[in-house]
Amino acid sequence: MAVYLNGIGAIAPVPSFEAPGTIGAQAPKGDRLACIEPNYAAYIDPRLSRRMSRIVKMGITAAKQALQDAGLGAEQGLDGVIAGTGWGCLEDTLDFLQKLVVNKEEMLSPTAFIHSTHNTIAGQIAYQLKCRGYNSTYAHRNISFESALLDAFLQLEEQTAATLLVGGVDELTDTSFDILSRLGAYKAPANSPAEGLYSEAANGAWAGEGATFFAVSNVQGPSTYAQLRTVRTVSFSTPADAALAAQWALQAQGLAQADLLLSGYNGDFENDAACRAFEAALGHTGEVQRFKHLCGEYPTSSAFALALAASQLKHKAGQAGVPTSILIYNRAQQDHQSIYLLTAC
Amino acid sequence: MEVLVTGVGIICALGLNQEEVLASFEQHASGMGRAQHLATRHQPDYTFGEVKLSNEALAARSGLPAHLSRTILLSYHAAREAHASIPAQALAGARVGFISATSVGGMDKSESFFEDYLTNPATADVRKVVNHDCGKSTDYVAKKLDIKDFTTTISTACSSSANAIMLGARMIKSGLLDIVVAGGADPLTRFTFNGFNTLMIVDPEQCRPLDESREGLNLGEGAAYVVLMADHLAANSGAAPLCRLSGYSNTNDAYHQTALSDEGEGPYLAMSRALAASGLRPSDIGYINMHGTGTKNNDSAEGTAIRRLFGAELPKLSSTKSFTGHTLAASGAIEAVLSAKALQLGCIFPNYTFSESVAGLDMQPERAFHADASLQHVLSNSFGFGGNCSSLIFSRN
Amino acid sequence: MDQLKADLKKLLVEHLNLQHIKPEEIGDDQPIFGEGLGLDSIDALELIVMLQQHYGVRLTKAESGPQVLYSVATMADYITAHQKQA
């Protein structure tokens, strides 16, 4: 039973994935890497979007783009929607919280409350596409998207689904940026994006956000980007243990090593030391790329990495010296690491 | 391979463990009343299903720091009871997962932080929001229980912990894990109470689910977990199963962000697919623990879906939310624990009160806790915002 | 009363983020739910909050039905009748 990535939709701080070799880091908007947003009216009826917060519009749009990219309409057998979000619907949550405090528990807005639940994104996608199939949302820090993808993997294996929309979505707001900065998550802006981001002179990472959706299926087709071989989380453990898990995953696919390692360096001293430790333990001698200078650090940033990797496998296919297998390694804090293995079709 | 429920843990308005909760039903004593610990200005006027312990008292029982989010305190309390039931022989060499669920995460601390943050942004204590994210409370508890092989958190509003149990079973069946402690936790918060109140679906008096006169839900809090184990592992290690998880399904109503469709399409699909998965017919179900929040919309839509599926011959049914309040993300797991106990002990849980059926449905819930040795299969429903509909079926082992 | 209705129309558009219509395009007696302006039950709840916030009038459950919120005119009537008592 094989799992294929057949469509990708993304709202990210980069314009598109179509020419992955030419994606350069965008200049940060001030102190963060913010998404380049489309005209949502092209994707969502304004009479419906009037109540939606930014993150919900981002999620729906990315999901619809993925479906379109896979050459599917919802009526063509979409079996479910699974989302991962580490922070949830922050804008609505903070809006309701603010009114709660300022109005002293009176005269509060129902709209902000009902859209504050983490599963609003997946729920609204299902509503827009009239999809009555499986629907779930994972909110577990930097393995929220991994959990969603693992669920999708199981669905396809169990044959309870043939095509699913799976995505990772997180948004930044001024308030969340301020609070996370105070918790030491982010570093002060540097002059030049690419070098500055990985400079370890300061702790903290570049703040980012994004919505990335995939049409995932057990059927390969003309739109297929890559075959997803493994997605695994490694918890409460060391980079060496994650490297071991990666080695097993490679061996299971008959690979000595992946052609390319896409690694979650983010400019934070501790994080990047762990990424180097993983590489060393893995014994990877091939090319290493980084991705967080493009999307920034946020809980579901590995979804962006997966899109980047899948795009490379598809758009560069057949060219000399390009990868046919990519291993992705991501982590954000000590507790959870994740690995993905994908191969060209 | 069958997935068995070999242990449970629970804390809610009815008691601090499964024995206390059961005793409350036997005595027909609901846990509903005025909140003693939730600091809301609406306290004098509303009925809640509050756990009868302060944070300090909860923390003292578990040996945890008292400043922690109430979500962690409740979650650990119940998860510990469930985890303690696992025989050492089963744990040795097993791959163990912890799959939890919450809708608010550490919001109890965050809403207190926000009061300071809005007036004094520079000096408000950011340490209060360290455990705000849903996954933080899950990880805290997983570490305390020394569960390392897999953790995650599901957040699909009021169906969350039912979905957590489903994922646990699926991971065992696929061979990824051997044992899963699955469930969820949600505390009372001003955020959720006021949120539901803006929707005008909260009854200030004690709720009356499945009654024509119902005026809305009461908010409750709590945590519950089930231990799921592969049958061969249970047999080899001497774990004593309460029941089997024989079927489950999750679907989406895709009708409205908060309300169910009039004909209850999402609930109907969830129940019928769960039955199909279990290989059972509607007539095999001996008891339905309904989602039964007490809102006009839910009870009518869910009732309609049940009539569509079961026809003229309904099994025994009730909503235990009349005893516990609506515990949001914890409700699926709390009701899973009750379903498992119903099969283990051969008993049926009742409504707290009932006088008149929802118009047009002629549904009469059970009114008194009683023994039923013939009970073989229990259906438990949980429906959440975003059209999320989940049904679990438990069976005598 | 005319000013009240004009204000209500502006508030409706702003508060409910109605991007597809201008305040002056809303008829005084035009039904605002269902086919009229396309509002739904969540909008009804928002309007109840809006009336309380801006005019100090409180709708109890019994009155929050379709009658008061039927049109701009019925809302204006209700505000005029109840504001004195607020």
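- Interface remark: B:T40 contributes backbone and side-chain atoms alike to the contact with chain A (heavy atom separation under 4.5 Å).
- B:S278 and B:S246 share no side-chain donor-acceptor pair at under 3.5 Å.
- For A:N135, the parts lying under 4.5 angstrom from a heavy atom of chain B are both the backbone and the side chain.
- The contact between A:Q155 and chain B is made by backbone and side chain atoms together, counting heavy-atom distances below 4.5 Å.
- Between chain A and the options B:G105, B:C134, B:A101, B:S155, the largest number of non-hydrogen pairs under 4.5 Å is found for B:S155.
- Counting heavy-atom pairs closer than 4.5 Å to chain A, the top residue among B:Y255, B:F114, B:F191 is B:F191.
- For A:Y127, the parts lying under 4.5 angstrom from a heavy atom of chain B are both the backbone and the side chain.
- Only the side chain of A:L150 has a heavy atom closer than 4.5 Å to any heavy atom of chain B.
- Listed options A:R232, A:M107, A:Q98 were ranked by heavy-atom pairs under 4.5 angstrom with chain B; first place goes to A:Q98.
- Relative ring orientation between B:F196 and B:F385 is described as tilted, the plane-to-plane angle lying within the 30° to 60° band.
- For the residue pair B:T156 and B:N163, a side-chain donor N or O sits within less than 3.5 Å of a side-chain acceptor on the partner.
- For A:T93, the parts lying near chain B are the backbone and the side chain together; criterion is any non-hydrogen pair under 4.5 Å.
- The side-chain tip of B:R170 points at the ring of A:Y134 from less than 6.0 angstrom away and within 45° of straight on.
- In terms of heavy-atom pairs under 4.5 Å with chain B, the best-connected choice from A:R141, A:H336, A:Q124 is A:R141.
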(message) What verdict does the ring pair (Phe, Tyr, Trp, His ring centres under 6.0 Å) test give for A:F213 and A:F145, after you've listed the backbone C-alpha separation in whole Å, the side-chain angles of each residue and the deciding distance to 0.1 Å?
(response) CA-CA 10 Å; A:F213 262 88; A:F145 174 66; 8.5 Å; no
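- Annotation: side chain of B:P121 is in contact with side chain of A:R182 (closest heavy-atom distance under 4.5 Å).
- Here A:I114 is the residue among A:I114, A:L100, A:V81, A:T233 with the most heavy-atom pairs under 4.5 Å with chain B.
- Among B:N388, B:V130, B:T258, B:I147, the residue making the largest number of heavy-atom pairs under 4.5 Å with chain A is B:N388.
- Neither the backbone nor the side chain of B:K173 comes within contact range of chain A, judged by heavy atoms closer than 4.5 Å.
- For the set B:G386, B:G195, B:G384, B:S100, the count of heavy-atom pairs under 4.5 angstrom toward chain A peaks at B:G195.
- Using a 4.5 Å heavy-atom threshold, the side chains of B:V202 and B:L217 count as touching.
- A donor and an acceptor atom, one from each side chain of A:E158 and B:S174, are nowhere located under 3.5 Å apart.
- With a 4.5 Å cut-off on non-hydrogen atoms, A:T175 touches chain B through its backbone and its side chain both.
- Interface check for chain B: of the options A:P110, A:G86, A:A83, the most heavy-atom pairs under 4.5 Å are formed by A:P110.
- One N or O on the side chain of B:R95 and one on the backbone of B:L176 form a donor-acceptor pair closer than 3.5 Å.
- Only the side chain of A:E157 comes within contact range of chain B, with at least one heavy atom under 4.5 Å from a heavy atom of that chain.
- Only the side chain of A:T117 comes within contact range of chain B, with heavy atoms under 4.5 Å apart.
- Here B:K143 is the residue among B:K143, B:E111, B:E115 with the most heavy-atom pairs under 4.5 Å with chain A.
- In this structure, B:H291 and B:H326 have perpendicular ring planes: the angle between them is above 60°, well past the 30° mark.
- Side-chain contact of B:T153 with B:T138: a donor-acceptor pair under 3.5 Å is present, judged by distance alone.
- A side-chain N or O of A:E146 and one of A:S302 form a donor-acceptor pair less than 3.5 Å apart.
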(request) Begin from the C-alpha positions of A:N330 and A:S338 and carry the test side chain to side chain donor-acceptor pair (under 3.5 Å) through to its verdict. (result) CA-CA 5 Å; A:N330 194 39; A:S338 54; 4.7 Å; no
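- When B:E265, B:M171, B:R273 are compared by the number of non-hydrogen pairs under 4.5 Å with chain A, B:E265 comes out ahead.
- For a residue to count as touching a neighbouring chain, one of its non-hydrogen atoms must lie under 4.5 Å from one of that chain's; by this rule B:A122 touches chain A with the backbone only.
- Ring geometry, B:H42 versus B:Y46: the interplanar angle exceeds 60°, so the pair is classed perpendicular (tilted spans 30 to 60°).
- Considering only heavy-atom pairs separated by less than 4.5 Å from chain B, the leading option among A:H118, A:H115, A:K104 is A:H118.
- Heavy-atom distances place the side chain of B:L269, and not its backbone, under 4.5 Å from chain A.
- Chosen from A:A122, A:G123, A:S235, A:G84, the residue pairing most often with chain B at heavy-atom distances under 4.5 Å is A:S235.
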